Amino acid sequence: MKTFNQLTPEQQKQAIDKETCSILTAICEGAIRFDDKKNKDDLQTRINAAVAKAEKMRTPWFSSEYILDTCREDIEGMARATAEDALYPEKDEHCITGVA
């Protein structure tokens, strides 16, 4: 297994991009919501505004792009933190995921 720091810069970028996509999917599906009051920020408010903009433009399939327009730094920061905490299997290693 490799840690994030042992990956090449391109592999690190791919890991962050993959996790960014995963977070955006969860946000768009409503599986993740943020509590602006507890977090002392306005992330959920900005997400809600982006989704509303996509709906107003009658392009809800672009919600994730609108969200990234206003929340990219926040979401990529979360994605990077998750990617840095992960382990990455070598080609000859098998990894079982999703076990509860």
Side-chain angles (χ1 to χ4, degrees):
M1 294 285 193
K2 287 184 178 181
T3 64
F4 183 81
N5 290 336
Q6 293 170 317
L7 300 176
T8 66
E10 180 59 31
Q11 289 170 326
Q12 289 179 356
K13 182 183 179 325
Q14 289 174 352
I16 293 168
D17 289 349
K18 184 175 180 180
E19 185 58 25
T20 297
C21 183
S22 178
I23 292 169
L24 276 173
T25 297
I27 289 170
C28 290
E29 291 175 350
I32 296 176
R33 291 194 49 84
F34 302 95
D35 188 330
D36 290 349
K37 188 173 182 178
K38 283 185 181 178
N39 295 328
K40 297 181 180 155
D41 63 16
D42 64 346
L43 180 58
Q44 189 62 51
T45 300
R46 289 183 285 136
I47 289 169
N48 293 345
V51 170
K53 179 179 178 181
E55 290 174 5
K56 182 179 177 187
M57 301 293 284
R58 298 180 189 215
T59 56
W61 51 89
F62 285 129
S63 292
S64 59
E65 284 83 0
Y66 288 120
I67 292 168
L68 279 180
D69 284 347
T70 58
C71 307
R72 180 178 301 275
E73 188 175 314
D74 302 279
I75 293 169
E76 286 182 349
M78 287 181 251
R80 182 176 185 86
T82 301
E84 287 175 347
D85 289 343
L87 293 174
Y88 300 88
E90 300 279 355
K91 287 185 180 185
D92 60 339
E93 293 179 315
H94 178 71
C95 185
I96 298 173
T97 60
V99 178

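Only a predicted model underlies this, so the values are computations on that prediction, with no experimental measurement involved.
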Please tabulate, for the side chains in residues 51-62, all donor-acceptor contacts under 3.5 angstrom to protein atoms that are two or more places apart in sequence or on a different chain.
| unit_1 | atom_1 | unit_2 | atom_2 | d |
| --- | --- | --- | --- | --- |
| T59 | OG1 | A54 | O | 3.4 |

Notebook entry, point to check: Once you round to the nearest 0.5 Å, how far does CD of Q14 lie from CD of E10?
Noted result: 4.5 Å
Next item on the list: Quick one: pull up CD in Q12 and CD1 in I16 and give me the separation to the nearest 0.5 Å.
Entry: 6.5 Å
Checklist line | Closest heavy-atom pair and its distance - M1, E90 | finding: N-CG, 4.1 Å
Margin query: Give me the atom names and distance for the closest heavy-atom approach of L87 to T3.
Written below: CD2-CG2, 4.1 Å
Notebook entry, point to check: Side chains of L68 and E65: does their closest heavy-atom pair fall under 4.5 Å?
Noted result: no
Counting only pairs under 3.5 Å, give me each side-chain donor-acceptor contact of residues 72-83, with atom names and distances, residues two or more places apart or in other chains.
| unit_1 | atom_1 | unit_2 | atom_2 | d |
| --- | --- | --- | --- | --- |
| R72 | NH1 | E76 | OE2 | 3.2 |
| D74 | OD2 | R46 | NH1 | 3.1 |
| D74 | OD2 | R46 | NH2 | 2.9 |
| R80 | NE | E84 | OE2 | 2.9 |
| T82 | OG1 | M78 | O | 3.2 |

Show me the side-chain donor-acceptor pairs of residues 22-35 shorter than 3.5 Å, one per line, residues at least two apart or across chains.
| unit_1 | atom_1 | unit_2 | atom_2 | d |
| --- | --- | --- | --- | --- |
| T25 | OG1 | C21 | O | 2.9 |
| D35 | OD1 | K37 | N | 3.1 |
| D35 | OD1 | K38 | N | 3.1 |

